[in-house]
Amino acid sequence: MSSAAQDPRRRVRVRAPGKVNLSLRVGRPGADGYHPLSTVFQAVSVYEEVLASASDTVTLTAQGPGSEQVPLDDTNLAVRAARALARYAGVDEGVHLHLIKGVPVAGGMAGGSADAAAALVACDELWGTGLGREELGSLAATLGADVPFSLAGHTAVGTGRGDLLTPAMSRGEFHWAFAVQDEGLSTPSVFRAFDSLHGYRPDATGGAPLERGDDVALMQALRAGDAEALGALLHNDLEPAAVAIAPRLAEPLAVARDSGALGVVLSGSGPTIAALARTASHALALAAAFTAAGVADRVLTAAGPVAGARVVGVGE
Ligand code: C5P
């Protein structure tokens with residue numbers, strides 16, 4: 001019997017960050033419908049917390065804003081992560097996972113992926129499987145395109161489906177304000193809208209990896225810690241598709257520009273809008289501008305880059 005099974009009170013607390021895509025470039029879909037990506041991720045200080053405790057089966061509960069929209073069955077990415085780790089490591093224990101949602105649900109900031117990354121780290125600790133970051137990263141890639149980055153954190157370039165990561169240099173701290181919408185956008189529907197805007201159909205002639213040359217200036221801005229230059233270079237190929245599905249997203253984009261944001265961009269597949277600020281207090285001012293204009297259901301401020309999924313407490 002493992003230590004977890006011997007001590008039913010054992011609990012592990014893990015924190016995993018949300019992300020913003022500083023650049024997201026999308027190519028023609030391949031025959032499987034997936035799109036090749038080239039993206040620059042930054043992990044930001046908006047967190048999911050996962051409490052894992054010993055159990056005979058795998059169960060899930062959730063609390064926090066939007067948690068009523070989170071599926072609690074076997075389709076949940078955190079449950080899939082726990083089961084994938086158990087299978088891989090030959091563990092026959094269960095776990096109870098409790099999610100404390102901080103990252104907007106279905107918001108384009110990879111909250112579900114953060115839950116999965118946190119579940120992997122939590123179960124690895126709880127079950128004593130002792131996998132290294134590399135093995136956890138390989139398991140993460142089988143769960144979803146953003147899960148490896150939620151595990152890794154900091155700043156990274158993602159290619160393939162966004163899951164092939166190369167760490168990137170970044171200096172200093174960047175400050176953000178986020179305009180969050182209650183109604184999420186489904187990632188597949190945004191990619192479908194992207195295809196119809198570009199006249200793309202999934203076929204064997206698509207799917208070719210993208211060149212990474214387009215983001216040389218952005219990487220330079222990150223290395224220099226130059227927020228002004230970074231703001232001007234924020235870019236998301238999915239933004240027109242998301243605005244086509246949800247036209248009112250044009251409003252927070254305009255409010256951020258009018259309020260002196262250094263740059264503003266759709267986060268991932270949306271609908272969260274990310275505005276880059278000069279300072280932490282400027283981020284608060286941008287958030288207040290979103291609220292005053294009535295263009296967000298909720299606002300958040302954060303700084304990045306921050307570390308990936310990690311244990312913040314054991315015991316209790
Ligand atoms: O990887 P993930 O499960 O988050 O992707 C959700 C959906 O988004 C996929 O089923 C696919 O429709 C779309 N997608 C895509 N190309 C990518 C990533 C996601 O078309 N690179």
Side-chain angles (χ1 to χ4, degrees), residues 16-41 43 48 66 69-71 73-84 103-120 137-152 156-166 184-212 214-215 235-242 244-246 266-272 308-309:
K19 58 85 183 165
V20 56
N21 300 78
L22 306 175
S23 168
L24 178 55
R25 300 182 189 278
V26 182
R28 295 174 67 97
D32 60 1
Y34 266 89
H35 297 70
L37 303 182
S38 175
T39 188
V40 184
F41 292 111
E48 296 287 281
Q69 297 170 47
V70 174
D73 60 11
D74 282 2
T75 62
N76 187 288
L77 214 48
V79 171
R80 285 169 48 201
R83 291 197 194 285
V103 179
V105 174
M109 293 182 70
S113 299
D115 293 338
L120 285 177
S138 305
L139 268 179
T142 67
L143 297 164
D146 288 338
V147 186
F149 180 71
S150 302
L151 195 61
V157 176
T159 52
R161 294 175 177 183
D163 57 325
L164 304 174
L165 296 181
T166 311
L185 272 179
S186 113
T187 302
S189 68
V190 175
F191 276 102
R192 274 197 301 273
F194 170 85
D195 286 344
S196 64
L197 282 178
H198 291 266
Y200 291 162
R201 280 167 185 283
D203 66 40
T205 63
L210 297 182
E211 298 292 329
R212 282 174 41 184
D214 289 340
D215 289 320
H235 173 84
N236 187 341
D237 279 344
L238 294 178
E239 197 173 285
I245 298 176
L266 180 82
S267 184
S269 58
T272 305

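Both backbone and side-chain heavy atoms feed into the values below; hydrogens, waters and symmetry mates do not. In each ligand, atom 1 is the first atom listed, and ligand 1 is the first ligand listed.
Residues Ser267 and Thr272 bring no donor and acceptor atom of their side chains to less than 3.5 Å of each other.
Applying the ring-ring contact (aromatic ring centres under 6.0 Å, His included) criterion to Phe191, with sequence neighbours excluded, gives His35. Contacts of Ser189 classified as side-chain contact (heavy atoms from CB on, under 4.5 Å), with partners at least two apart in sequence or in another chain: Ser186, Arg192, Ile245. Judged as a side-chain hydrogen bond (donor to acceptor under 3.5 Å, both in side chains), and not counting sequence neighbours, the contacts of Asp115 are Lys101.
What you find for Ala81 and Ala119 is that their closest heavy atoms are CB-CB, 4.1 Å.
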Between the protein and ligand 1, which nitrogen or oxygen pairs come in under 3.5 Å, and how far apart is each?
| from | atom 1 | to | atom 2 | distance (Å) |
| --- | --- | --- | --- | --- |
| ligand 1 | 1 (O) | Ala145 | N | 3.3 |
| ligand 1 | 16 (N) | His35 | N | 3.0 |
| ligand 1 | 20 (O) | Gly33 | O | 3.4 |
| ligand 1 | 20 (O) | His35 | ND1 | 2.7 |
| ligand 1 | 21 (N) | His35 | O | 2.8 |

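Between Arg25 and Asp215, the closest side-chain pair of non-hydrogen atoms falls below 4.5 Å.
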